[in-house]
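Reading through the structure tokens given below for one structure.
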Protein chains: 2
Amino acid sequence: MPLPKKTPNSPELNAKDRVYQQLRSWIITGTLAPKEKISDQAIAALFGVSRTPVREALQLLATQEFVEMIPRSATRVTAVATDRISTIYRPLAALQGLAAELAAETITTAEVEQLNVLNQRYEQAQQQNQPQAVLLADNAFHDYILKIAANPYVNEFSQLVDAHAQRIENFYLAQLNVQQPDAVREHNEIITAIAADDAVAARERMTQNWLRSMHLLQACVDRAN
Amino acid sequence: MPLPKKTPNSPELNAKDRVYQQLRSWIITGTLAPKEKISDQAIAALFGVSRTPVREALQLLATQEFVEMIPRSATRVTAVATDRISTIYRPLAALQGLAAELAAETITTAEVEQLNVLNQRYEQAQQQNQPQAVLLADNAFHDYILKIAANPYVNEFSQLVDAHAQRIENFYLAQLNVQQPDAVREHNEIITAIAADDAVAARERMTQNWLRSMHLLQACVDRAN
DNA sequence: TAACTTATTGTGATATATCAGAATTATAGT
DNA sequence: ACTATAATTCTGATATATCACAATAAGTTA
């Protein structure tokens with residue numbers, strides 16, 4: 001009997017990807033503060049790898065605007081783009097709108113059911129008033145629509161832009177009012193439109209859902225300044 | 001008088017970026033054929049650099065799906081995604097639609113004039129029946145709208161997806177009918193909507209412009225098979 | 001000749017070394 | 001004490017060296 005290669009479900013990531021994913025997560029959650037300097041030597045030592053995979057991970061993060069590498073100066077975490085909320089949310093709204101449109105064209109009844117389940121969990125998280133859990137549940141809902149849409153470009157761009165959106169949301173997490181019955185209703189309307197194969201309505205409602213989120217966040221940021 | 005540092009307008013790119021831009025261009029234009037194996041050693045020798053910057057450039061190209069790096073096997077140029085035209089064009093249509101929407105919100109009369117000039121050049125290129133020139137002129141028109149929209153995310157994603165679209169178009173360049181009076185008219189309607197600050201109409205017309213292109217290209221591909 | 005085995009090579013991944021220029025600190029002169 | 005200069009450190013960029021593994025070629029046996 002041949003031994004199973006490694007343990008199943010353990011992606012056994014290489015050094016570069018391990019460093020990349022950890023740093024990315026730290027930046028999004030705010031563990032690594034904006035404008036914080038990143039020493040590749042220190043990171044290398046921390047992960048027990050050499051500077052090469054660290055540098056490769058940093059270059060990838062730089063293309064995604066999570067860090068900025070200033071030639072002959074330093075690499076640091078980028079500032080949270082609190083002054084570019086619409087710059088981030090409008091493409092996000094457009095991409096998610098397309099995702100809803102695509103989902104409406106291919107969705108199955110089982111997937112509709114799953115969307116309802118995810119939206120119920122979202123509603124529960126709101127009622128329990130746990131901001132972090134609300135954001136996670138909202139994310140799970142939208143991620144599942146991306147999965148149904150099954151377009152790698154839409155998926156990838158959406159995930160990237162959303163990561164920047166999440167960075168801002170985490171930054172204002174304390175001031176954020178996550179009790180939004182409107183959002184639950186909007187989600188239901190999105191599900192209804194997608195389930196009815198009404199691509200136009202699905203897109204329209206999804207886009208509006210994101211734009212409303214954008215306005216709420218903008219108001220929160222304005223209040224903080 | 002202090003000497004000017006290097007010649008102006010010469011970005012003096014580093015090894016990595018030099019290799020990246022050249023390979024990218026070669027892949028889009030088809031100089032590097034789909035499925036062609038890329039030896040980092042050979043590339044390094046060709047550019048007179050070491051494997052390190054070549055590898056960094058290849059990793060960047062891999063994230064953009066221009067090459068695929070298969071662990072412990074080989075790095076090769078990806079296949080031209082002729083079977084994923086809608087996968088590429090629908091996000092492109094959505095992003096360009098948003099760009100038109102954003103442009104409508106901020107455009108100046110001088111910029112409207114420039115758009116008319118670019119569309120006239122596009123029309124002339126069509127009349128001279130030079131496919132390559134037509135694609136370039138069309139590109140210049142859409143790029144200028146992206147510039148007016150001034151959203152780095154929309155710009156970057158659009159450029160990337162468009163690069164994949166261009167790859168397909170170059171692939172079918174010979175079979176492509178670039179004589180499209182419809183396209184010139186559509187461009188004019190887009191300009192009119194943007195100039196009138198009618199964001200909704202601008203988006204709608206821009207999206208339709210791309211979707212029509214998509215259908216034409218799809219028909220061309222279907223004919224070739 | 002076909003199938004199996006072994007040697008060689010190619011490649012991705014990583015580590016280490018080097019270098020130039022900027023940033024920083026230390027030092028000396030006023 | 002303050003400024004100017006020199007030494008040092010840091011960092012990005014690149015080069016070179018290994019290493020493990022997969023693919024391929026070469027050789028061997030049936």
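Reminder, nothing fancy here: chain letters follow the sequence lines and each chain counts from 1.
Taking a 4.0 Å limit (strictly below) on heavy-atom distances, residues 33-43 of chain B reaches DNA chain C at B:Lys37, B:Ser39, B:Asp40, B:Gln41.
Ring centers of A:Phe157 and B:Phe157: under 6.0 Å apart, within the cut-off.
One side chain, B:Gln218 or B:Asp222, offers a donor N or O that lies under 3.5 Å from an acceptor on the other. In summary, the side chains of B:Asn170 and B:Gln166 do not present any donor paired with an acceptor at a separation below 3.5 Å, with no hydrogens or angles considered.
A salt bridge links B:Arg84 with B:Glu65: at least one charged nitrogen is closer than 4.0 Å to a carboxylate oxygen. For A:Glu56 and B:Arg55, the salt-bridge test passes: some basic side-chain N is under 4.0 Å from an acidic carboxylate O.
In this structure, B:Thr75 does not reach the C:dT11 phosphate: none of its side-chain N or O atoms is under 4.0 Å from OP1 or OP2.
A pairwise comparison of heavy atoms in A:Ala104 and A:Ala202 identifies CB-CB, 4.3 Å as the closest pair.
In this pair, B:Trp26 and B:Phe47 present their aromatic rings tilted. The plane angle is within the 30 to 60° band.
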Atom pairs under 3.5 Å: protein N/O with N/O of nucleotides 13-15 of chain D:
| from | atom 1 | to | atom 2 | distance (Å) |
| --- | --- | --- | --- | --- |
| D:dA13 | OP2 | A:Arg55 | NH1 | 3.1 |
| D:dA13 | OP2 | A:Arg55 | NH2 | 3.1 |
| D:dT14 | OP1 | B:Ala15 | N | 2.7 |
| D:dA15 | OP2 | B:Ser50 | N | 2.4 |
| D:dA15 | OP2 | B:Ser50 | OG | 2.8 |
| D:dA15 | N7 | B:Thr52 | OG1 | 3.0 |

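Here A:Leu217 contributes atom CG and A:Asn177 contributes atom CG; the two are 12.0 Å apart, rounded to the nearest 0.5 Å.
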